[in-house]
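Report on one structure; see the data block that follows.
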Amino acid sequence: MVDIAGNVAGIVSAVLDVDKCFMYLLNHKSNIRILEREVGKLKVARDEVERKVEVARNNVEMIEEIVEQWVIKVNSIVPESETLIKERANVRCFSLKAGYKQSRKASKKVQDVAELLHLQEAFGDQVSRPIIHEDTRLILNKDYLAFQSRSSTLEDVLKALKEAEVDIIGVHGMGGIGKTTLVKEVGRQAKEDKRFDKVIFVEVTDTPNIEKIREEIANDLGLKFDDKGTESGRVNKLFARLKKEKTILIILDNIWVDLDLEKLGIPFGENHKGCKLLLTARDRNVLDSMGAKSFSIDVLKEDEAWRLFRKMTGEVVDTCELHSLANEVCKECGGLPIAIVTVARALMKKRQLSQWRKALRELRKPSPSEFDGVLKDAYSKIALSYNYLKGEKLKKVFLLCSIMTHDASISNLFKFVIGLNILEGNNLKIEEARDSLDDLLLKLKESCLLLDCSSERFFMHDVVRDIAITISYKDHHVFTERNDVKNDWKNIDKLMKCTKISLASSDIISKHWAEGLECPELEFFYMVMEDSSFKYPEKFFSRMAKLKVLRLNCFPLSISLPLGLQTLCLDGSEIGEVAMIGELKKLEILSL
C-alpha cells in the first residue's frame with residue numbers, strides 16, 4: 001500500500017510540473033510584456049527615490065537603511081530584467097527549452113519587482129531622518145578670552161549648574177558687555193566635560209516668538225511636529241521629549257520679558273530635575289521674575305580691554321607711530337566689549353594716523369543726528385535697552401542723568417527731578433520723593449543703564465551716555481557740548497524747540513548767544529564751568545518763559561530770571577544781591 005501511495009504522489013507531482021511548464025510556455029510572451037511594464041514602473045520609482053535621497057543628502061540628513069538597501073536591490077534587478085527582455089527579442093528560432101527558461105525567469109522577476117514596488121510604497125517620502133548636529137556656536141566660541149574679571153563669574157555659573165536645588169541660572173549685564181560670549185563658554189565647557197547629555201542654545205531676541213523658540217529646541221533634539229497638530233499637542237510632545245533626556249542644559253540668550261516655560265513646553269523644577277535653564281538678560285528684574293539665581297558681569301579692566309583690542313586689530317597697533325593713539329582709542333571704549341570689538345574691527349587694516357585720529361574724534365564727539373560711525377553696532381544694541389524702559393518717568397530720569405556729566409550727584413539729580421515735575425504726585429513728602437527717585441535709579445541699574453549707584457552718586461558708562469545724549473537730541477531737542485551740534489547753536493527753528501541745554505564752558509554763549517537766547521520751550525538750563533569771571537548778558541534768561549530748573553556756578557549779580565523757576569541751584573557761586581530770588585513765587589528748591 002505504501003508503495004502504491006508513493007507512486008501516485010510521484011505521478012501527481014509530475015503531472016503538476018508538466019502543467020506548470022506548459023503554463024510557462026503558454027504565457028511566455030505575456031510574462032515578458034508584464035516584466036517590461038513593471039520594470040518601467042520600478043525605474044520611475046527608483047528615479048523619484050534617488051531624487052529625494054539627493055535632496056536629503058544636500059540637506060545633511062541621514063538616509064534610512066531600508067532605502068539604501070532598496071536602491072541597491074533595484075539597481076541589481078533592473079539590468080538583469082532588461083537583459084532578459086533583450087534576450088527574448090534576439091531569439092529568432094523558437095526553442096521550447098529556451099522559451100520555458102525565459103518565461104520562468106520573467107515570472108520570478110515580476111514577483112521580485114512587485115515586492116520592491118510594494119516596499120517603496122511603504123516607506124513613501126520617508127527616505128531620511130534629520131541628523132542632530134552639534135551647535136557650532138558652542139564648539140567654536142572663538143570670541144571668548146579667559147579674562148580674570150570673567151573667570152570668576154564663569155566658575156560661579158558652572159558651580160550653580162551642579163547645585164541640585166538650582167534649576168534656573170541667569171547672567172545679566174548691559175548690552176554688549178559679553179553675556180552671550182560667557183554663556184556660550186559655559187555651554188561649551190559643560191558639553192566638553194559631559195556634565196549634560198545635551199546642550200541647546202537658542203537666541204530669543206527682544207520680540208520673543210514662542211513658536212519659533214519651541215521649534216528651535218525641537219530641531220536640536222531631532223523632534224518633528226505635525227503640521228496639522230494643535231498648539232497644546234506640540235507643547236506636550238516637546239515636554240515628553242525633554243523628559244526623555246536624563247540631563248539637559250537649555251540656554252535662552254537675550255530675554256527681555258518673563259517667558260512662560262509651560263507654554264514653551266520646557267519642564268522645570270520638580271517636573272524634571274535633570275533639566276537646567278541658563279538665561280541672559282539686560283534687566284535683572286526679568287531674571288528675578290523667573291526665579292533665577294543671578295550673576296552679573298561688568299566692563300573689562302584696562303589691561304583686559306587692551307588685550308581684546310589688540311587681538312581684534314592685530315599687530316598693527318604695536319608700531320611706534322600708532323601705539324599711543326591706539327591706546328587712546330581703546331580707552332575711549334570704556335572697557336565695553338561690544339565697543340572694543342566694533343571699533344577694533346573697523347580699524348584692523350588701517351595704518352594711516354589720520355584714520356585713527358578720525359576714529360578717536362568720532363568716539364569723543366559722536367554724531368547726534370543718527371547712530372553711525374565706528375560705534376554704530378554698539379549704539380543700536382544699547383538704544384534698545386532704553387526703548388524697553390517701562391514708563392516715561394524712568395526714561396526721563398535716565399536722559400536727565402546723561403546730561404549731568406560734571407556733577408553726577410543724586411542730591412542734585414533729586415533737585416532737578418522735583419523742579420521738572422517728573423515724579424508723580426504734587427503732595428509727596430521729601431522723604432517719599434527721594435525714595436521714589438532711589439527706586440527709579442535702582443531700576444536703571446538693574447537694566448544695566450547705570451553702572452553703579454551709591455548713596456550719594458551715580459555712574460554711567462561713556463558709551464551709554466553718548467547714546468542717551470543722542471536720543472535726547474533727536475527726540476527731545478536737548479543741546480549739550482558733548483554733541484557735535486555747532487551748526488545748530490544759531491539755528492532759530494531748532495532753538496525754538498529746544499527743551500534742555502547743558503554746557504560746561506562759556507564759549508558757545510560768547511560766540512552765538514551774546515545778545516541773549518530765545519528758547520520758549522526751554523525747561524532746563526545747566527551750566528557748570530571753571531571760568532567764574534564770565535558775565536551773562538543781562539536779559540539772557542528773559543525769553544525762557546517755561547524755564548523750571550536753573551543750575552549755575554557763577555551767578556550774575558544783576559540779571560532777570562524767569563518767574564516760573566521751580567528749582568534754582570547756585571552752589572559754588574558768590575551771591576551778592578538776593579532780592580530777585582524773592583520774586584520767584586513758584587520756587588520750590590533753592591540750593592546755595
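For Pro208 against Leu259, the heavy-atom pair with the smallest separation is CB-CD2, 4.1 Å. Among all heavy-atom pairs drawn from Leu449 and Met460, the shortest one is O-CG, 3.9 Å.
Within the 4.5 Å cutoff, the side chain of Pro337 has heavy atoms near those of the Arg150 side chain. Using a 4.5 Å heavy-atom threshold, the side chains of Lys263 and Glu231 count as separate. Residues Leu249 and Arg195 form no side-chain contact, since every pair of their non-hydrogen atoms from C-beta on lies 4.5 Å or further apart. Looking at Asp167 and Leu277, their side chains never come closer than 4.5 Å, going by heavy atoms from C-beta outward. Using a 4.5 Å heavy-atom threshold, the side chains of Leu287 and Ile255 count as touching. Residues Arg282 and Trp256 are in side-chain contact: their nearest non-hydrogen atoms beyond the backbone lie under 4.5 Å apart. Annotation: side chain of His476 is not in contact with side chain of Lys396 (no heavy-atom distance under 4.5 Å). Taking the side chain as every heavy atom from C-beta outward, Arg214 and Val235 approach each other to under 4.5 Å.
Only one option out of Leu154, Val157, Leu252, Leu278 pairs with Val183 in a side chain to side chain contact (heavy atoms under 4.5 Å, CB included); it is Leu278. Put simply, the residue from Lys415, Arg434, Arg457 that forms a side chain to side chain contact (heavy atoms under 4.5 Å, CB included) with Ile410 is Arg434.
Here Arg284 contributes atom CZ and Lys445 contributes atom NZ; the two are 9.0 Å apart, rounded to the nearest 0.5 Å. Taking OH from Tyr386 and OG1 from Thr470, the interatomic distance works out to 12.0 Å, rounded to the nearest 0.5 Å. Separation of atoms CD1 (Ile340) and CZ (Arg310) is listed at 15.0 Å; rounding is to 0.5 Å. To the nearest 0.5 angstrom, Asp435 atom CG is 12.0 Å from Leu442 atom CG. Atoms SG and CG, on Cys330 and Leu308 in that order, are 8.0 Å from each other to the nearest 0.5 Å. Here the CD-NZ distance, from Gln189 to Lys191, works out to 14.0 Å after rounding to the nearest 0.5 Å.
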Residue pair His272, Ile266: steps toward the side-chain contact (heavy atoms from CB on, under 4.5 Å) verdict: CA-CA 9 Å; His272 190 358; Ile266 297 177; over 6 Å; no
Test side-chain contact (heavy atoms from CB on, under 4.5 Å) applied to Leu336 and Val464, step by step: CA-CA 10 Å; Leu336 182 63; Val464 176; 5.7 Å; no
Worked check of side-chain contact (heavy atoms from CB on, under 4.5 Å) between Leu221 and Leu238: CA-CA 9 Å; Leu221 293 167; Leu238 179 59; 3.9 Å; yes
Evaluation steps, side-chain contact (heavy atoms from CB on, under 4.5 Å), between Leu389 and Leu444: CA-CA 8 Å; Leu389 291 177; Leu444 288 174; 3.9 Å; yes
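The pair Arg188-Glu185 meets the salt-bridge criterion, with a side-chain N (NZ, NE, NH1 or NH2) lying under 4.0 Å from an Asp/Glu carboxylate O. In this structure, Asp439 pairs ionically with Lys443, as a charged nitrogen and a carboxylate oxygen lie closer than 4.0 Å. Residues Asp220 and Lys198 are not paired through a salt bridge, judged by the lack of any N-O separation under 4.0 Å between the basic side chain and the carboxylate. Salt-bridge annotation for Asp303 and Lys301: absent, with no side-chain N of the basic residue lying under 4.0 Å from a carboxylate O of the acidic one. Using a 4.0 Å cut-off between a side-chain N of Lys or Arg and a carboxylate O of Asp or Glu, Lys159 and Glu163 do not qualify as a salt bridge. Lys293 has no carboxylate O lying under 4.0 Å from a charged side-chain N of Glu165, or vice versa, which leaves the two without a salt bridge. Salt-bridge annotation for Glu521 and Lys497: absent, with no side-chain N of the basic residue lying under 4.0 Å from a carboxylate O of the acidic one.
Under a cut-off of 6.0 angstrom, the local environment of NZ in Lys358 is sparse, with at most 12 non-hydrogen atoms contributed by other residues, nucleotides or ligands. Within a 6.0 Å radius of NZ in Lys212, no more than 12 heavy atoms belonging to other residues, nucleotides or ligands are found. In this structure, Glu432 places its CD atom where more than 12 heavy-atom neighbours from other residues, nucleotides or ligands lie under 6.0 Å away. Crowding of Lys350 atom NZ: a count of heavy atoms from other residues, nucleotides or ligands under 6.0 Å exceeding 12.
Under 3.5 Å, the side chains of Thr280 and Asn254 contain no donor-acceptor pair of N or O atoms. With hydrogens and angles left out, the side-chain atoms of Ser232 and Thr230 include a donor and acceptor closer than 3.5 Å.
Between the side chain of Lys331 and the main chain of Glu302, no donor-acceptor pair closer than 3.5 Å is present. A donor-acceptor pair under 3.5 Å is formed between the side chain of Ser502 and the backbone N or O of Ile403. A distance-only check finds a donor-acceptor pair linking the side chain of Lys179 to the backbone of Gly173 [under 3.5 Å].
Taking the ring axis of Tyr526 as reference, the NZ or CZ atom of Lys500 does not stay both within 45° of it and closer than 6.0 Å to the ring centre. At least one cation-pi condition fails for Lys237 and Phe225: the charged atom is not both under 6.0 angstrom from the six-membered ring centre and inside a 45 degree cone around its axis.
Centroid-to-centroid, the aromatic rings of Trp356 and His323 stay 6.0 Å apart or farther.
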